[in-house]
Amino acid sequence: MACILEAQSICKYFGGLKAVEKVDMQIEEGKIFGIIGPNGAGKTTFFNICSGMYRPTAGRILFEGKDITGMPPEAIARLGIARTFQNIQLFRYMTVLENVKIGFHIRTRSGFLNALVRDRRYREEERFIENEARAVIEKVGLSPYVDTLASNLPYGLQRKVEIARALALKPKMLLLDEPVAGMNPLETRELSEFIIRLNAEGYTIVVIEHDMKFVMNTCHHILVLNFGQKICEGNPAEVRRNKAVNEAYFGKGLVVGGVS
Amino acid sequence: MILEVENLSVNYGHVAALSGISLTVDQGEIVTLIGSNGAGKTSTLMAISGLAEKAGGTVRFKGKDITDLQPHAIARLGICHVPEGRHIFPALSVKENLIAGTVREEKISRQEIVRRMDEVFRLFPRLKERINQGGGSLSGGEQQMLAIARGMMMNPDLMMLDEPSLGLAPIIVEEIFDLILKIKKAGKTILLIEQNAAMALQVADRGYVLVNGRITQQGRGVDLLHNDEVRRAYLGE
Amino acid sequence: MTIPPSISALFQKKGMRISLGILGIALLALIPQLNLKSYYMGVLCRILLYTILAGSLNVINGYSGQFNIGHAGFFGIGAYTSAILSLQLKMPFWIALPISGLLAMIVGLIVALPTLRLKGIYLAIVTLGASEIIRLIALNWMSLTGGPNGLRGIPAPVLFGLKFSRSQQYYYIFLVLSLVFYFMTRRIIQSRIGRAWISIREDETAARSLGVETMRFKAANFMYGAFWAGIAGGAFSPYFKFISSDMFSLDEGFNILSMVIIGGQGTLAGPIVGAIIVNFLTEFLRPISQYRLVVYAILIIAMMWLRPQGLVGVSKSVLAERRFGRSRRVHRR
Amino acid sequence: MDYYLSQAINGICQGSIYALMAIGYSVVVGVVGLVTFTHGEVIMLGAFASFYTFQLVGNNLIIGVIASFLASAFIGVFVFKICYERFFNAPRHISLICTIGTSMLLRNLAQIIFGPNNKPLLEVVPNRFFGQGVVGLTLVQIIVIATVISLSFLLFLFFNRTRWGIMLRAVSQDKTAAAMMGINVRLTSLLGNSIGCGLGGVAGMLLAIYYQTLVATMGGSAGMKAFSSAVLGGLTNIPSAAAGGLCLGIVENLGITISSASFRDIFAFIFLLLVLIVKPEGFAKKTGVRP
Amino acid sequence: AAPKTYRIGVMAPITGTNAEYGKGFQIAMKMAADEINAKGDIKLELIFKDSKGDPKESADIARQYADDPSIMAILGDFTSSCCMAAAPIVDEAGLVLLSPTASNPNYAGMSKYAFSIMGRQDGEAPFFATYLLKKYAGAKNVGLIWVNSDWGKSAHDNFVAQAKKEGLNIVADVNYLADEKDFSSAIAKLRREKPDHIVIMDQGLVPTIINQIAQAGWTDVRITTLGPGTSEQILNLSKKNAEGLLLTTPFFIDDNNRTAKAWADRFAQIAGFFPTVHPACAYDTVYLIAAAIRNSGDKVTRESIRENLQNLKGFVGLTGPIQFNPAGDIFRKYLIVAVENGKFVRKTDYDYAK
Ligand SMILES: Nc1ncnc2c1ncn2[C@@H]1O[C@H](COP(=O)(O)OP(=O)(O)OP(=O)(O)O)[C@@H](O)[C@H]1O
Ligand SMILES: Nc1ncnc2c1ncn2[C@@H]1O[C@H](COP(=O)(O)OP(=O)(O)OP(=O)(O)O)[C@@H](O)[C@H]1O
Ligand SMILES: [Mg+2]
Ligand SMILES: [Mg+2]
């Protein structure tokens, strides 16, 4: 299978702190890829590098064979990588619909002149955005909330708005940072199913999560980071058997509890 | 009884987040609130610590009416609130954040601060490694640890934890629950909110179930854990 | 300030809106025919001028969330450009005017480019500095700007033999310009570009992650605002016939800023209301001479106390807590 | 050579004046967490307080310091009530406009009450000159420099090494969390603001003694310099703000040396711009931010 | 019959940075109007409007006065930019705008209705160069420090032109902005060139500069100043630092000049500070307008005031003889004055220049 994203010995240092240290990884197209690891292991930092928020201290990131190291986030988004944030970053005082509409920015191109004369392209694009945005909202199941202010939504739904907004980009790859944090087991299961459905539609998905039940049930392939370094990689069963991972991450296994 | 909440209501604009809930917490007890997203758990804690305006009801702490006290006065009485959203001081270093936790006690010796800090660092060695880093640049989980640690520095009589395990690695979550039991052993009281209801009910003496701002069930932790309705709604089974 | 639902419903119908708009414009156009005293016409002209200035500042501060407090500088660029072009090159007003706007826009770009990474108060002080630098250059560049003596005798615009010299006539120039400004801005704000600006205001990181080229759009936004300030300046100098650098001081910048905020940031109507109120106050309070600014200051503070969101209701997001300490990471979860 | 040395000294002396004003400014911003445009007027009122005190009790520097500190600190309470207290949870431009309004209010009231003309403040400190020829310092200059150095050192210790300092900084960063820690947010930021304003008042006194004159409109440019210097220093870091003031003074005077005094502010602002381009948040190391 | 009342509009910066001067205008003009009204042949009613020193406001005020047919003339404003903003408006309306203080050389020429009595610097500055520096003080190397404003610029340019003719050696030439506080660098620049005389061209800031020269410990130089006249501020603010200062002035208040002295005292009583040349000029403008009204005879119109102002002969005011040239400016005669023992002392007479 083709590899969609490749990291080649990525490093990121903050002063003396090695947040990410020589990480290599290959993400296969069409898979759900999980990244786990203790707190501060460098998972979010890695996402930030992939999405262009940080420039790595060393190493390269290739997306579909193209070197995207050090590109600004907006250029990377254009190439087809969309992400959500560990700390939800919605446009909090805009409605759900408006939030999603902004996701269509890169798929439209009318400029000043089009807006001034409201020519055909402008009108067509506006219609396209309106329809598509509603379709995306429908798809994540937020239809009842199109006109609700994002900040007034319960937490779990805010996560979904973020996902909807990312989907509006029609990305080739979706990066989700702790999508089920703060959700109860029921909601977690729903989201897991949703992600699997998205994957079936052809999206490549990378998730960071601490909820093992979710990770083990959702991901095809898992990578474990600790102190910025890769300590293990493999399918869920392999990772669970790994001794180093168990010591550094799972502990006594109380929480992993009812993995089924 | 260390905390008594009677008929507490909270409104946000026209939205009623809490409509007249009553609950009690005994000295030395662990009590948990469970409920789905938006049920009003956070609002309850915010109202108790004076950060959300109360539309009605009374709150008593150690027999004293604290309904109309300012948030800082409530904190000074010995209620610590580890909030949802962490609320770290971003430009203070980890160490300074921890010291900020001690300011409610005017006369506290330097040794005592160092002692508490050591204790906290034993629990979260990660924080010790980051001791001079700005709070805002910590990773999500590290911030969560810091928020809990800062709460512990307050040495409170009642600790209210709002989803303390949020964003933490499993191994740390276990430690948090160990910690909760340890705090209880030290004779302190805990009011706990958790999404992971199974874990919460396992450690809790008693629990309340919140639905749409109302308490629908209450009982011993183990009883709720085996209650079918609760299992279906909150444990995902 | 709440509008009864029946009336607001009227505004919702497109046909109704258009005909009401035409009616309003016709009424505005008829005002000079009332033979008002030239003083009143002068005040009206000033209000229209400030409508453009406050409106263009609002595009920057209210819609893209950048923080410009030195708008007077761009105003000055426009004023000097049209004055110099018409005095030294004898260029007709109608050509000089767009050039004024374009030059202000270019200067806007020069200010914006190196400072795109700056946020909040750091950007504010740079705009303030730029405004001062522009003023000081105007003050020191004797050969071009007349230095401290200023420029005088700026000729009145002529169109088809019609001379726009008195305020009764000049009113039409200001009216047309502010209408054009209003409708252009409205369309842009409602378009993809406007959405991108607003998304930057709301959360720049998120906007970037969605592919919004924030640098480009912020620069474009700044240039658009500067352009219109330049146009306002370009129209101002032949109206005033004399300009000097002290007309474009920092206080002038603060003055424009307070119009925007008193009227209501982030709305199209806000700056208009703000311009009317502030200019009206200036005139209204003149009789109390030395207490004038005291009372004016008290009124400004009172307005912030009573209606911090401005007189025109503001979109909620402008009121969002956006404090200095920027605690992005500690939001709700 | 002497000439350039003496110009450098002029720069340092003027820079110390800026630094002095910036210190108070930084304290205010560091505690309240909001930017102010009233600081110039606070400085001016401190100068007037000392002026009238000197008239009443004679030229006693200590009493002057106390009087200007108290007067400006009291004004600080007033400013706090008008501009900050209500607007802690509002967007910052609202309190900003309030501070612009308050500055206008104070300046014009002062003009009415104290009169619009310049007032002399002579011989508070004897005009003693230390040094040789063109290279040297007067007593006032030495006092100003010493004050700046000791104040920035003491305040740095206070804000970074004491629990009180941590409390004040915590309040500016997250008022909710501060309240949860048992900090009386209102009182603490009121106090911090008053301290910052009081320091501004002392700066005003020294400014008036240094230039031997004071006038109700002196706040405008003073406030602007305090603001610029503080921004250079990252707004909340006191030693950096002092360094910012110092740099600004030196750069301005160097600029004047090579061109004309009319270009003073051009040099100041271009320097500011260049620094901000390289370091978008000033000299101070920024802590606690990540995307 | 009862005396006829004429309404005169005044615009002045009563608030803002120039409020000091606006207040001086207000007091001095009111004094003059009260005196004229007490005499009883005509009555003047002064209407004061605050322009804040903002040209835009001045223009609006001028328009307001122009619209009001009962206003016969306008007095003011303080700064040249304010006057120049109002000039096109009065020109259109045919209404006299008589400024006590506008010194921009271009101002009066903007309209035949625009007048100023400040005295243009093409009069005083050459006088200063030739008579004060060259003849009286015997200067060789001079250093200039001047305020970069319309006034300062024209004073400087006129001075330099004349100084070249006279063979004065200008060794240093520095300027600064009106809100400058710290002159140490500029002074160091002057000092390096070792002039024997320095010329300070400013009005309000002269004492500050004198003090800072003293503070720098620079004593081997003679200080002269062009602009402030015999301002008490210099004596008050500079005390002994001003000793030996040389300056030119069109009018001089000393014990010999009873009326002027009495006027200054009265002014100080009301204002709380001693007058500079500006309020004195303001005082004179009211008398000038009164004279023009009297000369108009029975039919007083805006136009008649203009004509009679332009053609006024033999008028002597507080600030000396005043007669307008065709542009609407005046040429004045000057005295040389020095500060000795904390007082201004007249060193030469008006006919010194002959
Ligand atoms: N801007 C920064 N400055 C300094 N240190 C940083 C910065 N960003 C991240 N770090 C540090 O780098 C380390 C990795 O952080 P990161 O956010 O990637 O962790 P994470 O694996 O996502 O952890 P968590 O599971 O808690 O979210 C942390 O120790 C953090 O303190
Ligand atoms: N500031 C606010 N303004 C308006 N509504 C709010 C606000 N805060 C909370 N709410 C609403 O009040 C209700 C209760 O919210 P609360 O945060 O207490 O729920 P919770 O049980 O803690 O949920 P979660 O699991 O998401 O933490 C929700 O419907 C929420 O949307
Ligand atoms: Mg993370
Ligand atoms: Mg909650």
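Naming: A, B, ... by sequence-line order, numbering from 1 per chain.
Rounding to the nearest 0.5 angstrom, the gap separating the CE atom in D:Met181 from the CD1 atom in B:Ile99 is 13.5 Å. Interatomic distance, CZ of D:Arg163 versus CD1 of B:Ile108, reported as 6.0 Å (0.5 Å rounding). With rounding to the nearest 0.5 Å, the separation of CZ in D:Arg169 from CD in B:Glu96 is 4.0 Å. Atom CZ in B:Arg104 sits 15.0 Å away from atom CG in D:Asn184 (nearest 0.5 Å). Here OG1 of D:Thr176 is found 7.0 Å from CE of B:Met46. Values are rounded to the nearest 0.5 Å.
When the shell of 6.0 Å around CZ of D:Phe74 is examined, it contains 12 or fewer heavy atoms from other residues, nucleotides or ligands. Within a 6.0 Å radius of OH in B:Tyr12, other residues, nucleotides and ligands contribute more than 12 heavy atoms. Applying the 6.0 Å contact sphere to NZ of B:Lys95 captures no more than 12 heavy atoms from other residues, nucleotides or ligands. Within 6.0 Å of atom CG in B:Asp118, more than 12 heavy atoms from other residues, nucleotides or ligands are found, so the atom counts as buried in its surroundings.
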Run D:Leu187 and B:His72 through side chain to side chain contact (heavy atoms under 4.5 Å, CB included) and show every step you take. CA-CA 11 Å; D:Leu187 198 65; B:His72 68 89; over 6 Å; no
Run the side chain to side chain contact (heavy atoms under 4.5 Å, CB included) test on D:Ile166 and B:Val103 for me, step by step, so that the C-alpha distance in whole Å, both residues' side-chain angles and the decisive distance to 0.1 Å come before the verdict. CA-CA 9 Å; D:Ile166 290 175; B:Val103 293; 5.6 Å; no
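For the side-chain contact (heavy atoms from CB on, under 4.5 Å) test with D:Met180, the passing option among B:Ile79, B:Leu51, B:Val82 is B:Leu51; the others fail.
Of the possible polar contacts, one joining the D:Gln173 side chain to the B:Ala91 backbone as a donor-acceptor pair under 3.5 Å is found.
The minimum heavy-atom distance linking B:Ala75 with D:Ala179 is given by the pair CB-O, 3.8 Å.
Within the 4.5 angstrom heavy-atom criterion, atoms from both the backbone and the side chain of B:Thr102 approach chain D. If you measure heavy-atom distances from B:Ile74 to chain D, you find no contacts under 4.5 Å at all.
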